[in-house]
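Residue numbers start at 1 and run along the sequence shown. FYI, side chains are in, hydrogens and waters are out, and symmetry mates aren't considered; it's all heavy atoms of this structure. Being a predicted model, the structure only gives us computed values, none of them experimental.
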Amino acid sequence: GAYSTIAQDYRCVGINPANLAFNKSFSMNLIGMNMGFSNNMLSIETHNQLNGANLEDITAEKYFEKSDIFSLTKKQGIRFNVDSHIPLPFVNVSKGIFAVTSDLVIISDVGIPEAYLDLLFNGISADPENSDIGKDFVFDFREDILGVNEFAFSFGIPYDQFGIGVSLKYLQGLFYIGIDQDSSYAT
């Protein structure tokens with residue numbers, strides 16, 4: 001986006017290192033953090049539809065069909081994605097056309113399975129016409145958390161009307177936490 005043209009100093013390393021070609025100053029990061037959050041279901045529109053809605057009485061003024069909740073999740077349950085970027089203090093530095101950066105990156109994808117939502121909203125029915133007795137509920141817990149350290153050395157080469165930038169990165173895997181679907185089961 002537009003930030004790629006105005007990012008300066010060590011902040012341009014992951015975005016547009018060519019901007020280092022026009023850097024004339026010294027810059028250092030003392031402390032900082034960046035975090036992003038997303039999900040596959042909840043939005044302001046969905047919140048407004050569900051807030052105060054009646055999920056049982058179809059004659060209610062603000063009725064919301066329970067099965068529509070499952071169509072919102074697209075058969076994946078509710079998924080939450082978080083990514084955090086924590087620059088290591090005093091390591092992110094730029095001077096002139098050179099920059100050195102280090103960033104701790106933690107990425108997670110966790111959620112609530114569709115079967116759990118089904119039990120939460122519908123329970124187990126003993127009604128002979130629509131019985132859940134004997135039905136298989138698949139609790140597909142897909143949980144992943146990944147930690148990586150990203151080190152980079154970047155420089156920019158100035159020309160008359162433009163600059164060229166290069167970043168050399170090293171990714172250090174720190175940890176992975178996840179559930180192996182092939183070997184994890186419960187009955």
Side-chain angles (χ1 to χ4, degrees), residues 1-48 50 71-114 116-117 140-184:
Y3 186 67
S4 66
T5 60
I6 62 169
Q8 297 178 2
D9 309 313
Y10 65 87
R11 291 177 291 270
C12 72
V13 169
I15 298 158
N16 186 1
N19 287 350
L20 285 170
F22 309 106
N23 187 29
K24 306 257 189 265
S25 63
F26 172 80
S27 180
M28 178 186 290
N29 178 6
L30 298 178
I31 193 165
M33 183 177 174
N34 181 10
M35 185 175 238
F37 175 82
S38 65
N39 68 78
N40 68 334
M41 180 188 144
L42 303 173
S43 65
I44 292 174
E45 179 183 351
T46 306
H47 173 268
N48 291 337
L50 289 171
S71 67
L72 293 171
T73 65
K74 299 175 183 72
K75 303 288 185 197
Q76 298 178 4
I78 299 175
R79 306 297 309 160
F80 299 100
N81 303 297
V82 178
D83 67 49
S84 304
H85 296 262
I86 306 167
L88 298 179
F90 305 108
V91 179
N92 297 294
V93 177
S94 66
K95 171 111 171 83
I97 64 170
F98 298 101
V100 176
T101 60
S102 178
D103 195 15
L104 171 63
V105 180
I106 300 173
I107 302 168
S108 65
D109 177 16
V110 297
I112 302 169
E114 182 94 8
Y116 184 80
L117 294 174
D140 184 15
F141 282 94
R142 289 185 357 240
E143 317 297 332
D144 298 300
I145 303 172
L146 172 73
V148 175
N149 239 343
E150 177 186 280
F151 299 98
F153 170 74
S154 302
F155 61 93
I157 303 167
Y159 288 97
D160 289 334
Q161 299 296 318
F162 65 97
I164 294 177
V166 175
S167 288
L168 302 172
K169 290 190 176 185
Y170 172 73
L171 299 176
Q172 176 189 25
L174 299 176
F175 62 87
Y176 170 78
I177 301 169
I179 296 177
D180 183 5
Q181 295 299 316
D182 293 335
S183 63
S184 301

Visitor: Can you tell me how far CG of Leu88 sits from CG of Asn29, rounded to the nearest 0.5 angstrom?
Guide: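 One finds 9.0 Å between CG of Asn29 and CG of Leu88.
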Visitor: For residues Phe153 and Phe98, determine if any side-chain heavy atom of one lies less than 4.5 Å from a side-chain heavy atom of the other.
Guide: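 A side-chain contact exists here, since the closest heavy-atom pair is under 4.5 Å.
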Visitor: Among residues at least two apart in sequence or on other chains, which ones pass ring pair (Phe, Tyr, Trp, His ring centres under 6.0 Å) with Phe175?
Guide: none
Visitor: Between Arg79 and Ile112, is there a donor-acceptor pair closer than 3.5 Å when you use the side chain of the first and the backbone of the second?
Guide: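 Pair absent, no side-chain N/O of Arg79 close to backbone of Ile112.
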Visitor: If I take atom OG1 from residue Thr101 and atom CG from residue Asp9, how far apart are they, to the nearest 0.5 angstrom?
Guide: 12.5 Å
Visitor: With a 4.5 Å limit on heavy-atom distance, are the side chains of Ile78 and Leu117 in contact?
Guide: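 Yes, at least one pair of side-chain atoms sits under 4.5 Å.
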Visitor: Checking side-chain polar atoms at under 3.5 Å, does Thr46 have a donor or acceptor matched by the opposite partner on Asn48?
Guide: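 No pair is found: no donor N or O on one side chain lies under 3.5 Å from an acceptor on the other.
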Visitor: What closest approach, in Å, do Ser84 and Val82 show between heavy atoms, and which atom pair accounts for it?
Guide: OG-CG1, 4.1 Å
Visitor: Could you list the residues that satisfy salt bridge (Lys or Arg N to Asp or Glu O under 4.0 Å) with Glu114, not counting sequence neighbours?
Guide: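 With neighbours one apart ignored, the set is empty.
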Visitor: Report yes if some heavy atom in the side chain of Ser154 is under 4.5 Å from a heavy atom in the side chain of Val166; otherwise report no.
Guide: no
Visitor: Between the main-chain N or O of Glu150 and the side-chain N or O of Asp103, is there a donor-acceptor pair closer than 3.5 Å?
Guide: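 Between the backbone of Glu150 and the side chain of Asp103 there is no qualifying donor-acceptor contact (under 3.5 Å).
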Visitor: About how many Å separate CZ of Phe151 and CG of Leu168, when rounded to the nearest 0.5 Å?
Guide: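 Reported value, rounded in 0.5 Å steps: 14.5 Å.
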Visitor: Using only atom types and a distance under 3.5 Å, with no angle test, would you say the side chain of Glu143 pairs donor to acceptor with the backbone of Gly111?
Guide: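 Flag set: sc Glu143 to bb Gly111 pair under 3.5 Å.
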Visitor: Quick check for you: to the nearest 0.5 Å, what is the distance between Gln172 atom CD and Ser102 atom OG?
Guide: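 Spacing of CD (Gln172) from OG (Ser102) equals 8.5 Å.
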Visitor: In Å and rounded to the nearest 0.5 Å, what is the OG to CG distance from Ser167 to Asn16?
Guide: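 Answer for the OG-CG pair, Ser167 versus Asn16, is 9.0 Å.
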Visitor: Measuring only between side-chain heavy atoms, which start at C-beta, is Phe90 closer than 4.5 Å to Leu30?
Guide: yes
Visitor: Can Arg142 and Asp109 be said to form a side-chain contact (heavy atoms from CB on, under 4.5 Å), step by step?
Guide: CA-CA 8 Å; Arg142 289 185 357 240; Asp109 177 16; 4.1 Å; yes
Visitor: In the structure I gave you, are the side-chain heavy atoms of Asp144 and Tyr176 within less than 4.5 Å of one another anywhere?
Guide: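 Yes, side chains in contact.
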Visitor: Which residues pass the ring pair (Phe, Tyr, Trp, His ring centres under 6.0 Å) test with Tyr159, sequence neighbours left out?
Guide: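 For Tyr159 the ring pair (Phe, Tyr, Trp, His ring centres under 6.0 Å) partners, ignoring immediate neighbours, are Phe162.
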Visitor: Can you name the closest pair of heavy atoms from Met28 and Tyr10 and give their distance?
Guide: C-CE2, 3.8 Å
Visitor: Just by modelled atom types, is the Met41 backbone N or O under 3.5 Å from a matching donor or acceptor in the Asn39 side chain?
Guide: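 Flag set: sc Asn39 to bb Met41 pair under 3.5 Å.
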Visitor: Please report the interatomic distance OG(Ser27) to CD(Gln8), rounded to the nearest 0.5 Å.
Guide: 9.0 Å
Visitor: Just by modelled atom types, is the Asn34 backbone N or O under 3.5 Å from a matching donor or acceptor in the Asp83 side chain?
Guide: no
Visitor: What are the two closest non-hydrogen atoms of Ala99 and Ser94, and how far apart are they?
Guide: CB-CB, 3.8 Å
Visitor: Which atom pair, heavy atoms only, marks the closest approach of Ala152 to Val13?
Guide: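 Shortest heavy-atom separation between Ala152 and Val13 comes out as CB-CG1, 3.9 Å.
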Visitor: Any donor-acceptor pair under 3.5 Å linking the side chain of Asn23 with the backbone of Ile97?
Guide: no
Visitor: Backbone N or O of Ile145 within a donor-acceptor pair of the Ser108 side chain at under 3.5 Å?
Guide: no
